[in-house]
There are 2 protein chains.
Amino acid sequence: MTTVSLKPAFAAPPVPADQLGSIGVRMAFAAGEEIYAQDEEADMIYRVVSGAIRTSRLLSDGRRQIGDFYYNGDFVGLEAGPVHRYSAEALGPCEILVIRKSALKLYGEEGIRIERMIWAETARELQRTQEHLMLLGRKSACEKVASFLLGMAGRFRGEVAELPMGRQDMADYLGLTIETVSRMVTQLQVDGLVRFVDNRRFEVRNQPGLAQLVEA
Amino acid sequence: MTTVSLKPAFAAPPVPADQLGSIGVRMAFAAGEEIYAQDEEADMIYRVVSGAIRTSRLLSDGRRQIGDFYYNGDFVGLEAGPVHRYSAEALGPCEILVIRKSALKLYGEEGIRIERMIWAETARELQRTQEHLMLLGRKSACEKVASFLLGMAGRFRGEVAELPMGRQDMADYLGLTIETVSRMVTQLQVDGLVRFVDNRRFEVRNQPGLAQLVEA
DNA sequence: CGTTTCATTGAGTGCGATCAAGCCGTGTGG
DNA sequence: CCACACGGCTTGATCGCACTCAATGAAACG
């Protein structure tokens, strides 16, 4: 199973998905399929069981910003005020646990526990978003790509890392164009910092060098 | 009193500060004074009682990103994992209510209520940060400045809006330089969209025009 | 084998950064 | 009251990074 083989490679999820017990409904999505829409009202939260997800937001002229990418164990849709400001789509085939927030109250002690887990994840999500802010506001194209690759590589312990998204998604996450992402990837390879096996698989060749580009 | 005269102009805080009862300690800060430091361990959360705050993060080479600006009623420092990734400083003289998170448990029912308030604010904060992401990643300098001014003007009902921060803070919030901010402000004035009374006070002259630049 | 989709590479442009004056309000001391 | 200095902001000239437009290359698919 894909899910099982990928699991050990990802950063340890705070709580295994199975601890959610019987709460929520498992749903399958195909590549590119929308999980929820921008401006959609939202009482649901979502947890990745297998596969990968992106959240994204469109301006009316087509410019797109990706909020973040999510992998198994991650919660998605936490930010929800009255409506979702970002939509969520499957990067590839994936399974999602859908939980109705208002239903948690019905589950007593178990519901409370999950609610706390959600709050903790919301704070973590805020931290990650703040990191993303610094990246978008104050880093060069090269630093952006280096940060992204280093972060992705961190999910795979020294092995070849696999990108679940294409160049356009990377570009829209980093606030760049695909051409610039491509050029930076090439440059990082020429400099011997990373090596791409193919378009979506790479390994870090010079960890300290990469880390220096990312700095603090 | 400055605080009192400003209060009605700000967006209604979800809960008035006085409902926090006796929990927490009121502290005064001078302009520019640090409320908490980047990488500082943090069990505290903070609430603005009067004045304005900024959160900011520095890279080792001096580049700075401002996370957000906070006004009375706003909670600051919610994101805290083990340490603060951003520091917080007073924009001008201000009063801050400092609350020890771990102490909330001692306050029984009242503590729980405040804890819930904090969680709700965290989700709101996440939403605002996501809005900020889109601004940094996909908007032009002109759109950035227009968005910022429109947002600030929204706190003042049609009257002359007052900026509690200087151009450098605006620039570091928007991911621009002071020169570019200055040029965009000039251009927006030439285009008749806003009018600056002085460096820190302005009014919106063409709301629809501005809103169009900001769009969705 | 052609078609389609996605990534790379190249050439040229432009937006925002950088470097450098100049301006203006404010405060300070003579 | 004026001269001066200082900090914050604006304006100008130039530069360079990342975008745009365009062509090519390389997989994936029917």
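All chains are named by letter (A, B, ...) in the order of the sequence lines, taking the proteins before the strands, and each is independently numbered beginning at 1.
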Distance-only, no hydrogens or angles: does the B/Asp74 side chain make a donor-acceptor pair with backbone N or O of B/Tyr71 under 3.5 Å? yes
Checking C/dT9, C/dA17, C/dT8 against the side chain of B/Leu176 (C-beta onward), the nearest is C/dA17
Mind calculating the distance between CD (A/Gln168) and C1' (C/dT8) to the nearest angstrom? 14 Å
So does A/Arg128 pair up with A/Glu131, basic N to acidic O under 4.0 Å? no
Find the distance B/Lys144:NZ to C/dC15:P and express it as a whole number of Å. 14 Å
Among the nucleotides C/dA11, C/dA17, C/dT8, whichever has the atom closest to the side chain of A/Arg183 is C/dA11
Students should find this one: the first and last nucleotides of DNA chain D, 5' to 3', lying under 4.0 Å from a heavy atom of chain B. What are they? D/dC9 to D/dA13
Exercise: identify the closest heavy-atom pair between A/Lys139 and A/Ser147: NZ-OG, 3.4 Å
For B/Thr180 and C/dA17, is the shortest distance between a side-chain N/O and OP1 or OP2 below 4.0 Å? yes
A/Ala146 versus A/Leu210, closest heavy-atom pair with distance: CB-CD2, 3.6 Å
Do you know which of A/Glu79, A/Glu41, A/Arg57 makes side-chain hydrogen bond (donor to acceptor under 3.5 Å, both in side chains) with A/His84? A/Glu79
All heavy atoms of B/Gln189 vs all of B/Phe196, minimum pair found to be OE1-N, 2.9 Å
What parts of residues 129-140 of chain B reach DNA chain D, counting only heavy atoms under 4.0 Å away? none
Provide a list of protein-nucleic acid N or O atom pairs under 3.5 angstrom, restricted to nucleotides 3-6 of chain C.
none

Closest non-hydrogen atom pair, B/Thr180 against B/Ala141: CG2-CB, 3.7 Å
Assess whether side chain to side chain contact (heavy atoms under 4.5 Å, CB included) is satisfied between A/Leu213 and A/Cys142, documenting all intermediate values. CA-CA 8 Å; A/Leu213 269 180; A/Cys142 184; 3.9 Å; yes
Please evaluate residues A/Tyr173 and A/Asp68 with respect to the criterion side chain to side chain contact (heavy atoms under 4.5 Å, CB included), reporting the C-alpha separation (whole Å), side-chain torsions for both, the decisive distance (0.1 Å), and the verdict. CA-CA 7 Å; A/Tyr173 177 82; A/Asp68 218 335; 3.7 Å; yes
Could you run down the sub-3.5 Å N/O contacts of the protein with nucleotides 23-27 of chain C?
none

Return the residues of residues 53-68 of chain B meeting this criterion: a heavy atom under 4.0 Å from some atom of DNA chain D. Order them by number, or give none. none
B/Glu179 CD to C/dA20 C1': how many Å, rounded? 10 Å
Donor + acceptor pair across side chains of B/Glu89, B/Ser56 (<3.5 Å): yes
What pairs of residues pass the side-chain hydrogen bond (donor to acceptor under 3.5 Å, both in side chains) test when at least one of them lies in residues 206-215 of chain B, not counting sequence neighbours? A/Ser60-B/Glu215, A/Arg63-B/Glu215
Between A/Arg201 and A/Glu159, does at least one N-O distance fall below 4.0 Å, as a salt bridge requires? no
Tell me whether the centres of the aromatic rings in B/Tyr46 and B/Tyr70 are closer together than 6.0 Å. no
Okay, side chain of B/Arg138, backbone of A/Arg64: is any donor-acceptor separation there less than 3.5 Å? yes
Would you find more than 12 non-hydrogen atoms of other residues, nucleotides or ligands less than 6.0 Å from A/Gln168 atom CD? yes
Would you say that more than 12 heavy atoms from the other residues, nucleotides or ligands in this model lie under 6.0 Å from the CZ of A/Arg195, or not? yes
